[in-house]
Amino acid sequence: MAEHRADVIIVGGGMVGLALAAGLADTGYTVAVVEARQAPAWRREHTSNRVSAITHASRRLLERLGAWEAIAAARVSPFEAIHAWDAAGHPGVTFDAADRGEACLGHIVENTLVQDALRAAVGRRSNVSLYCPVTVDDLAIEPDRVGMRLGDGRRLRADLLVGADGARSMVREAAGIGADTRDYHQRGIVATVTTEIHHGAVARQRFLPTGPVALLPLADGRCSLVWSATEERADELEALDELAFSNALTDATEGVLGVVIAAEDRAAFPLRRLHANEYVAPRVALVGDAAHVIHPLAGQGVNLGFLDAAALVDVLAEGRQRHGDAGAYGALRRYARWRRADNALMQTAMDGFHWLFSNNDPVRAIVRNLGLGLTDRLVPAKTLFVDHAVGRRGDLPSLMR
Ligand SMILES: Cc1cc2nc3c(=O)[nH]c(=O)nc-3n(C[C@H](O)[C@H](O)[C@H](O)COP(=O)(O)OP(=O)(O)OC[C@H]3O[C@@H](n4cnc5c(N)ncnc54)[C@H](O)[C@@H]3O)c2cc1C
């Protein structure tokens with residue numbers, strides 16, 4: 001069977017891999033995307049329980065790649081503020097888009113919709129080939145090229161292999177890159193919930209000793225739930241029928257939106273942290289969850305992945321002008337330096353939050369109350385947070401500025 005030659009092979013056609021493929025194609029590279037799974041399509045009549053809070057920087061990326069228009073036309077939910085509080089009776093802190101002259105802090109979007117729109121955007125680019133659904137059977141990473149045989153017998157060859165294949169990355173393993181992993185001993189329970197009171201375009205999160213519970217506003221007035229809970233608490237919650245679960249959620253959110261009337265499509269995911277020891281190896285780069293997995297409490301996972309993808313596009317675009325080799329190690333190192341420190345900082349911040357809130361220890365409670373109390377009054381800290389959320393930062397890749 002003939003061998004297909006591309007400049008870059010991306011293993012993993014999730015949100016991050018597809019965004020990278022479209023971005024690289026626009027700089028002139030030929031790209032092959034290999035995806036093992038036929039992802040479920042977005043459905044107008046059903047709101048998916050897997051959503052992401054997309055920052056303005058990520059939205060700008062999706063706009064430039066030609067994916068946002070379809071997303072916005074289908075279903076998005078802008079949120080204007082975030083309110084966070086804890087179980088110790090403190091009033092908490094509100095981050096408001098209006099404080100920085102913005103209409104909203106970001107958008108809640110179903111993952112299936114983002115994926116569909118990116119797949120369509122990739123399909124419009126003649127220099128991207130999508131191989132899906134198919135597995136990678138044989139992978140050879142050589143000093144001057146990479147080659148693979150797919151499950152259907154086809155062969156691919158390229159200058160660079162990118163692992164966008166999620167937390168259990170096969171590419172990471174094949175490249176011999178280790179990872180620092182930590183089990184949070186929590187599960188994230190997701191569901192689509194109906195509440196008595198309308199969310200008013202505010203994302204809400206309450207920190208409980210057993211983990212944070214978040215209600216993200218949806219376009220139809222319902223909320224998407226992300227309830228992170230210790231394994232014991234998650235076992236209890238998962239065993240409840242819908243009515244009892246809804247009641248438990250009303251209690252956990254202190255009835256902030258009145259009574260929780262329904263909680264449909266419940267599912268649970270184990271929560272782990274992972275950081276690859278290296279983001280690159282000769283002829284290999286990692287992006288998205290293949291490089292880092294963080295706690296969902298700040299809803300940043302895919303946003304960090306999009307930052308990786310856009311940064312890799314910048315670095316490879318420059319490399320192409322200089323020497324034309326997509327796998328040049330110097331360019332890859334530049335990508336790693338740019339993104340690894342940034343992601344490590346975000347992971348550390350999430351771990352700090354997790355440590356601070358996941359306990360009833362009185363000292364931590366005092367620190368929490370002081371922290372939250374101060375933050376609500378400390379304008380520069382709030383400004384910094386909101387600027388991060390709306391994507392006003394100095395080091396953004398060009399596709400996200
Ligand atoms: C409960 C929960 C809530 C979350 N909420 C948010 C949020 O609000 N905001 C946010 O930004 N993030 C959130 N996240 C994180 C976010 O979902 C992930 O960071 C994001 O999906 C990662 O995208 P990715 O494309 O890097 O990886 P994935 O989505 O894991 O995609 C990897 C792709 O690679 C494919 N693949 C894997 N192995 C192979 C192989 N060997 N060959 C071919 N293909 C392969 C898979 O089929 C998949 O399509 C949340 C996560 C959880 C668990």
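Just so you know, ligand 1 is whichever comes first in the structure, and atom 1 is the first atom listed for that ligand. These numbers come from a predicted model, not from an experiment.
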| message | Taking E63 first and then R60, would you say they form a salt bridge - that is, a charged N and a carboxylate O separated by under 4.0 Å? | response | no

| message | Would G188 count as being in polar contact with ligand 1, using the rule that some N or O on each side must be under 3.5 angstrom apart? | response | no

| remark: Nearest non-hydrogen contact to atom 32 (C) of ligand 1 from the set G13, A164, A19 belongs to A164

| query | Counting heavy atoms only, which of R37, E35, M15 is nearest atom 48 (C) of ligand 1? | reply | E35

| Which pair of heavy atoms, one from S52 and one from N111, lies closest together, and at what distance? | OG-OD1, 2.6 Å

| query | Is it the side chain, the backbone, both or neither of A290 that has a heavy atom closer than 4.0 Å to ligand 1? | reply | neither

| query | Of D165, V11, I54, which has the heavy atom at the shortest distance from atom 38 (N) of ligand 1? | reply | D165

| task | Would you kindly check if the NZ (Lys) or CZ (Arg) of R339 is within the cone defined by 45 degrees around the ring axis of Y279 and under 6.0 Å from the six-membered ring centre? | result | no

| For atom 27 (O) of ligand 1, which candidate among C132, G14, G166 provides the closest heavy atom? | G166

| message | Could you tell me, atom by atom, which parts of ligand 1 come under 4.0 Å of a heavy atom of V34? | response | 43 (C), 44 (N)

| request: Name the orientation class of the two ring planes belonging to H56 and H107 (parallel below 30°, tilted from 30 to 60°, perpendicular beyond 60°). | output: perpendicular

| atom 24 (P) of ligand 1: protein heavy atom closer than 4.0 Å? | yes

| request: Select one of side chain, backbone, both or neither to describe which atoms of P296 lie under 4.0 Å from any atom of ligand 1, heavy atoms only. | output: side chain

